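As structure tokens, the structure follows; a few thoughts come after it.
The first residue of the sequence shown is numbered 1, and numbering continues consecutively from there. What you see is a predicted model; the values in this text were computed from it and never measured.
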Amino acid sequence: MDRIRIIGGTPLRGAIPIGGAKNAALALMPACLLTDETLSLSNLPHLVDITTMANLLAQHGVGMLLNGASAAGGHTGRVLDLTAATITSTTAPYDLVRKMRASVLVLGPLLAREGQARVSLPGGCAIGTRPVDLHLQALEKMGARIELDGGYIVASVAGRLKGAQVVFPQVTVGGTENILMAATLAEGETVIGNAAREPEITDLAQCLVAMGARIDGIGTATLRVLGVDRLHGAAYSVVPDRIETGSYAVAAAITRGDIELIGARPELMDSVTKLLVEAGVLVEPTPRGLRVAAEGREIRGIDIMTEPYPGFPTDMQAQMMALMATANGASMITETIFENRFMHVPELGRMGARINVHGASAIIRGVPRLSGAEVMATDLRASVSLVLAALAAQGETVVNRVYHLDRGYERVEEKLAACGAQIERLKGAAAE
Ligand SMILES: CC(=O)N[C@H]1[C@@H](OP(=O)(O)OP(=O)(O)OC[C@H]2O[C@@H](n3ccc(=O)[nH]c3=O)[C@H](O)[C@@H]2O)O[C@H](CO)[C@@H](O)[C@@H]1O
Ligand SMILES: C=C(OP(=O)(O)O)C(=O)O
């Protein structure tokens, strides 16, 4: 298993290209199940999670062509044509779903198109229990019959799903995506109240509209979907990844460097930008994206709370904690979305960070210098927080279990090395 070795202490300077958003792509890909025509997605990132979703869709019978026919030149391997001409299986097996929770996003489209689906329950993961009860309750409201059998969600509907009023008691990104997709082919109008407003939902909604769906209220907490008889093919480009952008923004800040994030969309970064600026970091839009600089600046401790969009994203919490570990003064980070998303704390502690967790909050007392150590990645964003801390730390850090990182960061060592980081991937032979 691969490891990453980093010698810290170099301020990073240069430019980093931002890829397509993993979490948008993982919702856009299953949308292909809603039509027998081709959905052509461009700006797809090269990530393990994308391959996992492609494998899942392939076993449902989706035909795929990389660098699809509709591709403009120069996008090697980033355009994927997905054609679900015939759905050959409506079962999403445990082996694939357990690898990635976003697999549950095939449920809504399969049910809407085929009237049935059998999808393994995703189960808990490192950051929390993450049930899908809200997805299931909403589909039941739309007329689906749902049973749990042998660890599988077994869903069926006689005829078409029916439009319904669905008000989520809690904001759920995946739940909103599943119901949004299901509603596009339902009979009549579905109103999704307290819908998630994440840019990845907007991306999905815009793609569905390009496929012929009728959706009002895109970008708001109330989505109105008027079901249509059929959707058609479309070509759609995945939105740039705001979490990758934020992660490299922290790389610039934590090393007191200066990085331009090429292709970043500043307007999707407001909550992150606001906090970075409050902490003393320079953040400014450029014609090519976003510049983040902290050379010669003092980074101050600030308080942070994770919230649904447009609030500060939970997927940036671990990275900001690494930055706060090097700040002047104390900060408090409160995690409101997931009940167990502080696994990076003990690992950051191994690097000299001073952090105490009290329930859903962590108190961080900044230290002048972190020090390199051997650490263990536990989940995707925890992993990148360790890489970020290592870039600022004195001496050598080895991050084990980097397969977590490969789920969400493309060519991370190449991108950081291009800005001067001393970072290399050690292939295989890991300490487990
Ligand atoms: C692939 C993808 O896009 N993943 C993102 C998505 O995950 P995901 O879609 O799984 O996250 P949700 O927004 O659904 O979860 C938010 C909260 O609601 C709870 N909940 C959710 C559904 C449900 O049926 N019942 C329930 O109790 C969850 O346990 C969690 O505490 O949004 C999260 C919150 O922004 C991000 O951290 C993930 O990176
Ligand atoms: C938690 C994440 O992903 P997933 O929902 O796929 O676990 C993430 O992207 O940070």
TODO: With the side chain counted from C-beta on, respond yes when Met53 and Ile50 share a heavy-atom pair under 4.5 Å apart, and no when they do not.
DONE: no
- [ ] Give me the one residue out of Arg381, His344, Arg341 that meets side-chain hydrogen bond (donor to acceptor under 3.5 Å, both in side chains) with Gln317.
- [x] His344
Task: Where His404 and Ala377 come nearest, the two heavy atoms and their spacing - done: CD2-O, 3.5 Å
Task: Backbone N/O of Gly20 and side chain of Lys22: donor-acceptor pair under 3.5 Å - done: no
- [ ] Using a 4.5 Å cut-off on heavy atoms from C-beta on, say whether the side chain of Met29 contacts that of Leu80.
- [x] yes
Task: Heavy-atom closest contact (Ala210 atom, Ala234 atom, distance) - done: O-CB, 3.6 Å
Task: Heavy-atom pair of closest approach, residues Ala126 and Asp379 - done: CB-CB, 4.3 Å
Open item on the list: Taking the basic N atoms (NZ, or NE/NH1/NH2) and the acidic carboxylate oxygens, is any pair closer than 4.0 Å for Asp315 and Arg242?
Closed with: no
TODO: Please tell me if the side chains of Tyr236 and Asp203 come closer than 4.5 Å, counting only heavy atoms from C-beta onward.
DONE: yes
Open item on the list: Treating Arg291 as the side-chain partner and Glu260 as the backbone partner, does any N or O pair qualify as donor plus acceptor under 3.5 Å?
Closed with: no
TODO: Inspect the surroundings of CG in Asp149 and state if more than 12 heavy atoms from other residues, nucleotides or ligands are less than 6.0 Å away.
DONE: no
Open item on the list: Looking only at side-chain N and O atoms, does Glu335 offer a donor or acceptor that is under 3.5 Å from a partner on Thr314?
Closed with: yes
- [ ] Look at the side chain of Lys415 and the backbone N and O of Pro17, then say whether any donor-acceptor pair between them is shorter than 3.5 Å.
- [x] yes
Open item on the list: More than 12 heavy atoms of other residues, nucleotides or ligands under 6.0 Å from OH of Tyr94: yes or no?
Closed with: no
Task: Under 3.5 Å donor-acceptor, Ser237 side chain and Asn43 backbone - done: no
TODO: Please examine the side chains of Gln137 and Phe168, heavy atoms only from C-beta on, and report whether any two atoms are closer than 4.5 Å.
DONE: no
- [ ] Check for a donor-acceptor pair, side chain of Thr35 on one end and backbone N or O of Glu37 on the other, with a separation under 3.5 Å.
- [x] yes
Open item on the list: Side chains of Ile153 and Leu121, heavy atoms from C-beta outward: is any pair under 4.5 Å?
Closed with: yes
- [ ] Would you indicate whether the side-chain heavy atoms of Pro313 and Val272 approach each other to under 4.5 Å?
- [x] yes
TODO: Determine whether more than 12 heavy atoms belonging to other residues, nucleotides or ligands lie under 6.0 Å from atom CZ of Arg224.
DONE: no
Task: Cationic N near anionic O, under 4.0 Å, Asp49 to Arg101 - done: no
Task: Residue among Val106, Leu204, Val225, Leu111 satisfying side chain to side chain contact (heavy atoms under 4.5 Å, CB included) with Met181 - done: Leu204
TODO: Could you tell me whether Met305 atom CE has more than 12 heavy atoms of other residues or ligands within 6.0 Å of it?
DONE: no
Open item on the list: Any heavy-atom pair between the side chains of Val387 and Leu416 that's under 4.5 Å?
Closed with: yes
